[in-house]
Amino acid sequence: QVQLVESGGGLVQPGGSLSLSCAASGFTLNDYAMGWFRQAPGKEREGVAFSSRDGNTYYADSVKGRFTISSDNAKNMVYLQMNSLKPEDTAVYYCATKRTRLIRRFVSNAHEYDYWGQGTQVTVSS
């Protein structure tokens with residue numbers, strides 16, 4: 001059974017950090033580009049961090065310098081380290097994977113992704 005399961009969300013004060021994890025099962029991440037998306041209430045889903053198969057990364061301007069996407073293919077895990085969090089980072093965060101033959105390809109279009117997790121809530125508030 002193909003599955004992505006996020007964890008690590010929660011409540012954090014502005015300026016704090018959180019580390020999100022995404023466990024993949026039923027397939028291997030080696031052949032997949034990866035992405036983290038978020039959706040705040042009343043807003044469209046937004047891509048925040050992307051990784052190609054060869055490990056190159058790309059970030060939305062809103063999180064650049066604060067968020068880091070990484071993966072451990074041996075463990076079939078994807079991570080999102082979030083530092084210097086702001087109230088506007090409050091959202092449900094989703095990991096997603098896209099199978100691609102192109103090892104350098106980033107996938108920023110949410111509609112192209114094959115698999116999605118169920119999401120984890122991140123709330124930044126004092």
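As the structure is a computational prediction, the values presented were derived from the model and not from experiment. We count residues from 1, following the sequence as given.
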Report task. Spell out, yes or no, whether V63 and I69 are grouped together once hydrophobic residues are joined by side-chain heavy atoms under 4.5 Å, including indirect joins. Result -> yes

Query - Linked, directly or transitively: L80 and Y113 (ILVMFWY side chains, under 4.5 Å) - result: no

Qualifying disulfide (SG to SG under 2.5 Å) pairs with a residue from [range], counting only residues at least two apart or across chains:
range: residues 93-126; result: C22-C95
range: residues 31-61; result: none
range: residues 50-87; result: none

Using atom types as modelled, flag every donor-acceptor pair under 3.5 Å from a side chain in residues 82-89 to any protein atom, sequence neighbours excluded.
from	atom 1	to	atom 2	distance (Å)
N83	OD1	S17	OG	2.9
N83	OD1	Q81	NE2	2.9
D89	OD1	R38	NH1	2.9
D89	OD1	R66	NH2	3.0
D89	OD2	R66	NH1	2.8
D89	OD2	R66	NH2	3.4
D89	OD2	K86	N	2.8

Listing request: all salt bridge (Lys or Arg N to Asp or Glu O under 4.0 Å) pairs with a residue in [range], at least two apart in sequence or in separate chains.
range: residues 49-58; value: D31-R53
range: residues 74-83; value: none
range: residues 4-21; value: none
range: residues 8-28; value: none

Query raised in the report: Of all residues at least two apart in sequence or in a different chain, which pass the ring-ring contact (aromatic ring centres under 6.0 Å, His included) check with F50?
Result: F37

Query raised in the report: Members other than Y79 in its cluster, when Ile, Leu, Val, Met, Phe, Trp, Tyr link by side-chain heavy atoms under 4.5 Å?
Result: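 When side chains under 4.5 Å apart are linked, the cluster holding Y79 also contains M77.
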
**Report entry** Heavy-atom pair with the smallest gap, counting every atom of A40 and A91
**Finding:**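 Of all heavy-atom pairs spanning A40 and A91, the closest is N-CB, 3.8 Å.
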
Query raised in the report: Is it the case that more than 12 heavy atoms not belonging to R99 sit under 6.0 Å from its CZ atom?
Result: no

Query raised in the report: Sequence neighbours excluded, which residues qualify as side chain to side chain contact (heavy atoms under 4.5 Å, CB included) partners of N109?
Result: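 For N109 the side chain to side chain contact (heavy atoms under 4.5 Å, CB included) partners, ignoring immediate neighbours, are H111, E112.
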
Requested in this report: With sequence neighbours left out, write down each residue that passes side chain to side chain contact (heavy atoms under 4.5 Å, CB included) with A24, or none if nothing qualifies.
Outcome: L4, F27, L29, N76

When rounded to the nearest 0.5 angstrom, what distance separates [atom1] in [X] from [atom2] in [Y]?
X: L20; Y: Y94; atom1: CG; atom2: OH; answer: 12.5 Å
X: F106; Y: Y59; atom1: CZ; atom2: OH; answer: 9.0 Å
X: Q3; Y: S25; atom1: CD; atom2: OG; answer: 4.5 Å
X: M34; Y: Y115; atom1: CE; atom2: OH; answer: 13.5 Å

